[in-house]
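All remarks here apply to the structure that follows.
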Amino acid sequence: MVATIVASLPSFLLASSVAHSSSTSSLIFNKLRSSSRFRFSFALAPLCSRRAKFMAHTLASANLGLTQPANIENPKIAFAAKEIDVGEWKGDMLAVGVTEKDMTKDENSKFQNSILKKLDRLLGGLLAEVSSEEDFTGKSGQSTVLRLPGLGSKRVGLIGLGQSASSPSAFRGLGEAVAAAAKTAQANSVAVVLASSEGISNESKLGIASAIASGAVLGIHEDNRYKSESKKPQLKSLDILGLGTGPELEKKLKYAEDVSSAIVFGRELVNSPANVLTPAALAEEASKIASSYSDVISANILTAEQCKELKMGSYLGVAAASDNPPYFIHLCYKPLSGPIKAKLALVGKGLTFDSGGYNIKTGPGCSIDVMKIDMGGSAAVLGSAKALGQIKPPGVEVHFIVASCENMISGTGMRPGDILTASNGKTIEVNNTDAEGRLTLADALVYACNQGVEKVKPNDAHPIVDLATLTGACIVALGPSIAGVFTPSDELAKEVFEASEISGEKFWRMPLEESYWESMKSGVADMVNTGGRPGGAITAALFLKQFVDEKVQWMHIDLAGPVWNEKKRVATGFGVSTLVEWVLKNSS
């Protein structure tokens with residue numbers, strides 16, 4: 001006997017706007033089961049209707065492995081900016097950020113830096129003595145924590161900043177190191193101070209304080225949702241000393257909290273396994289953002305049928321093999337009031353799992369075990385939506401677009417040699433089913449162009465930025481820490497790179513060599529979906545360019561490397577901070 005479902009699907013599964021329910025597919029099942037709009041009966045008839053099959057697939061995938069992420073609330077740190085003498089501060093740990101120059105000592109082995117000299121005097125010379133014994137020189141990555149009597153602080157920590165510290169990433173690293181030291185010492189209350197802050201402008205102090213706060217939030221985050229046991233971090237408060245006080249600094253610290261919480265959100269999306277974060281669950285996460293910030297963000301989630309009406313043959317071709325149906329996500333941010341100066345679009349690749357299809361990922365280095373990360377672009381896009389929902393910048397409208405699906409293998413899936421027709425009418429011969437991300441992005445980019453994104457000033461181009469874990473070739477070219485940037489627009493490149501200087505994330509502009517398009521030509525269609533191995537990241541970008549209106553200002557970011565920390569086996573949340581900064585630049 002098999003169950004047949006007599007009813008119609010709730011609004012999340014069939015309508016274009018999504019009702020908020022839960023963050024995982026398994027909770028969707030519970031919602032369906034308990035809904036008064038459904039009743040379940042047993043019958044001898046097979047599940048022959050299209051709707052019944054659709055629902056059966058949705059419900060079956062919701063229970064694979066019986067895995068449910070624990071509902072763990074991310075810890076909050078109370079930040080405060082204070083002007084107080086380091087010797088008078090009271091708490092569990094005083095952390096001092098020091099450069100190699102700060103650690104210079106005179107002929108009597110005494111510190112020359114004024115703050116270190118003061119602390120050493122209060123500690124009877126023990127700080128200089130211990131730093132020498134432990135060979136602490138202030139190099140980047142070095143840290144030492146001392147439990148010493150004589151101060152209001154129970155411990156003093158020295159955190160190395162290297163030869164000099166001026167970049168946001170250096171100060172974010174200081175915040176992360178302070179969080180790590182606090183965890184080891186089980187410290188609840190911590191203060192951080194720079195040994196040398198003389199000559200730093202007030203504007204720079206704002207950026208430094210923000211970076212330290214951001215690093216602290218990211219540093220205490222551990223994704224324990226899928227572990228049977230976990231310990232809560234002890235750090236509850238962080239005082240930032242010597243970088244000023246006042247409402248402007250407090251606003252900057254609040255901004256750092258908002259962006260950092262969005263980065264954590266992006267990390268957790270990428271960390272979630274594919275049996276939990278299905279396309280339906282990713283759509284649920286998007287709808288939760290719209291529900292949480294409904295004053296400024298709306299959601300429109302398209303089903304496969306609706307995408308078919310829009311002729312998204314390229315995207316649906318990728319999705320065809322999976323039992324988990326695709327969902328096309330469109331969030332829109334509009335400010336509470338005031339004129340709109342710019343309309344922008346952020347497009348993220350949303351493959352919640354990529355098997356490679358019939359060109360299945362095999363052999364060493366194929367990384368099929370971490371192909372849950374293939375939605376890293378969508379995590380950056382949705383993370384930025386969450387941040388902007390909290391920040392609420394004026395003057396800018398932002399569209400967040402994700403064509404979410406899985407790339408699997410079945411009798412209904414696309415085959416090598418198949419020809420797909422995208423929503424702009426262009427045809428694509430599939431010569432490799434593992435070059436699927438660009439196929440989903442093709443229809444997503446066409447859709448983004450149709451949203452009327454633009455800058456309101458006359459003659460300004462229409463800016464779209466897409467982000468994708470698109471090619472291994474980009475990792476080969478730039479390594480694991482740097483994202484590749486492809487754009488024909490110098491203006492857009494300038495804007496995004498200026499944003500990245502504030503965020504501290506690393507990008508490198510790559511060429512869009514038009515002559516390489518020769519390798520993408522098909523004998524029977526407008527193009528193939530992948531060229532040869534040489535210049536693979538470039539030909540992938542050239543492919544995407546075919547689906548962007550020539551009047552539209554466009555950038556492609558290949559973040560296949562920096563989206564994942566292979567050493568720690570966790571996601572990084574890469575891209576969120578830079579996207580938010582870019583949007584804010586267009587807002588001001």
Side-chain angles (χ1 to χ4, degrees), residues 266 270 282 286 312 314-315 318 328-332 343-351 354 373-385 398-405 422-424 426 428 435-451 453-454 461-471 473-474 483-489 491-493 495-497 499-500 505 507-510 512 529 536-563 574-576 578-580 582-583 586:
V270 178
L282 187 61
M312 296 184 180
S314 186
Y315 163 47
V318 176
F328 191 96
I329 300 164
H330 178 198
L331 301 184
C332 181
K343 296 181 182 179
L344 316 174
L346 303 176
V347 179
K349 177 182 171 183
L351 269 291
D354 176 22
I373 75 170
D374 220 14
M375 40 65 62
S378 68
V381 167
L382 295 180
S384 64
V398 189
H399 297 266
F400 309 90
I401 296 165
V402 175
S404 181
C405 65
S423 48
N424 65 347
K426 292 187 178 181
I428 307 153
E436 84 302 325
R438 63 198 70 181
L439 296 174
T440 67
L441 287 169
D443 282 325
L445 287 168
V446 173
Y447 182 92
C449 290
N450 291 336
Q451 301 313 303
V453 292
E454 61 186 337
H462 305 180
I464 295 175
V465 174
D466 80 70
L467 301 95
T469 48
L470 205 63
T471 66
C474 201
V485 172
F486 301 82
T487 179
S489 170
E491 179 191 354
L492 184 55
E495 286 184 9
V496 172
F497 276 91
S500 73
E505 295 178 322
F507 297 83
W508 191 263
R509 192 172 181 184
M510 303 284 278
L512 274 172
N529 70 321
I538 299 172
T539 53
L542 290 171
F543 177 90
L544 296 180
K545 188 170 179 280
Q546 310 308 306
F547 303 92
V548 180
D549 189 304
E550 62 182 14
K551 297 178 183 178
V552 171
Q553 202 177 35
W554 160 77
M555 173 183 287
H556 163 59
I557 297 175
D558 192 331
L559 41 65
V563 78
F574 186 92
V576 173
T578 298
L579 291 181
V580 173
W582 178 63
V583 170
N586 280 277

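Worth saying up front: this structure is predicted, and the values here are computed from it rather than measured.
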(message) Is it the case that the side chain of T578 and the backbone of G575 share a donor-acceptor pair, with hydrogens and angles ignored and the cut-off at 3.5 Å?
(response) no
(message) Tell me if a side-chain donor or acceptor on Y447 pairs with a main-chain N or O of S423 at a distance below 3.5 Å.
(response) no
(message) Does any part of the side chain of M375, heavy atoms only, come nearer than 4.5 Å to the side chain of V402, both counted from C-beta?
(response) no
(request) Look at the side chain of D466 and the backbone N and O of G348, then say whether any donor-acceptor pair between them is shorter than 3.5 Å. (result) no
(request) Report yes if some heavy atom in the side chain of L470 is under 4.5 Å from a heavy atom in the side chain of L441; otherwise report no. (result) yes
(message) Is any side-chain heavy atom of Q553 closer than 4.5 Å to one of E491?
(response) yes
(message) For F574 and F507, I'd like to know if the aromatic rings sit close, meaning centre-to-centre distance below 6.0 Å.
(response) yes
(message) Before you tell me yes or no, could you show the steps for E505 and S500 under side chain to side chain donor-acceptor pair (under 3.5 Å), namely the whole-Å CA-CA distance, both residues' side-chain angles and the distance that decides it to 0.1 Å?
(response) CA-CA 5 Å; E505 295 178 322; S500 73; over 6 Å; no
(request) Could you check if a side-chain atom of K545 sits within less than 4.5 angstrom of a side-chain atom of F547, using non-hydrogen atoms only? (result) no
(request) Would you check if the side chain of Q546 reaches a backbone N or O of L542 as a donor-acceptor pair within less than 3.5 Å? (result) yes
(message) I'd like to check L492 versus W554 (side-chain heavy atoms, cut-off strictly below 4.5 Å). Are they in contact?
(response) no
(request) Indicate yes or no: at least one non-hydrogen side-chain atom of L445 is less than 4.5 angstrom from one of I464. (result) yes
(request) Examine distances only and state if a side-chain atom of R438 and a backbone atom of N529 form a donor-acceptor pair shorter than 3.5 Å. (result) yes
(request) Could you tell me whether the side chain of T471 reaches within less than 4.5 Å of the side chain of T539, counting heavy atoms only? (result) no
(request) Find out whether C405 and Y315 are in side-chain contact, i.e. whether some heavy atom of one side chain is under 4.5 Å from a heavy atom of the other. (result) yes
(request) Determine the minimum heavy-atom distance between A541 and L512, stating which atoms define it. (result) CB-CD2, 3.7 Å
(message) How close do G266 and A379 get, counting heavy atoms only, and between which atoms?
(response) O-CB, 3.6 Å
(message) To check you understand the geometry: which heavy-atom pair defines the closest contact between A380 and L467, and what is its length?
(response) CB-CD2, 4.2 Å
(message) Show the nearest heavy-atom pair for residues D549 and C449, with the distance to one decimal.
(response) N-SG, 3.5 Å
(message) Using only atom types and a distance under 3.5 Å, with no angle test, would you say the side chain of D443 pairs donor to acceptor with the backbone of L439?
(response) no
(message) Please identify which of these residues, D354, D374, D558, T440, meets the side chain to side chain donor-acceptor pair (under 3.5 Å) condition with K349.
(response) D374
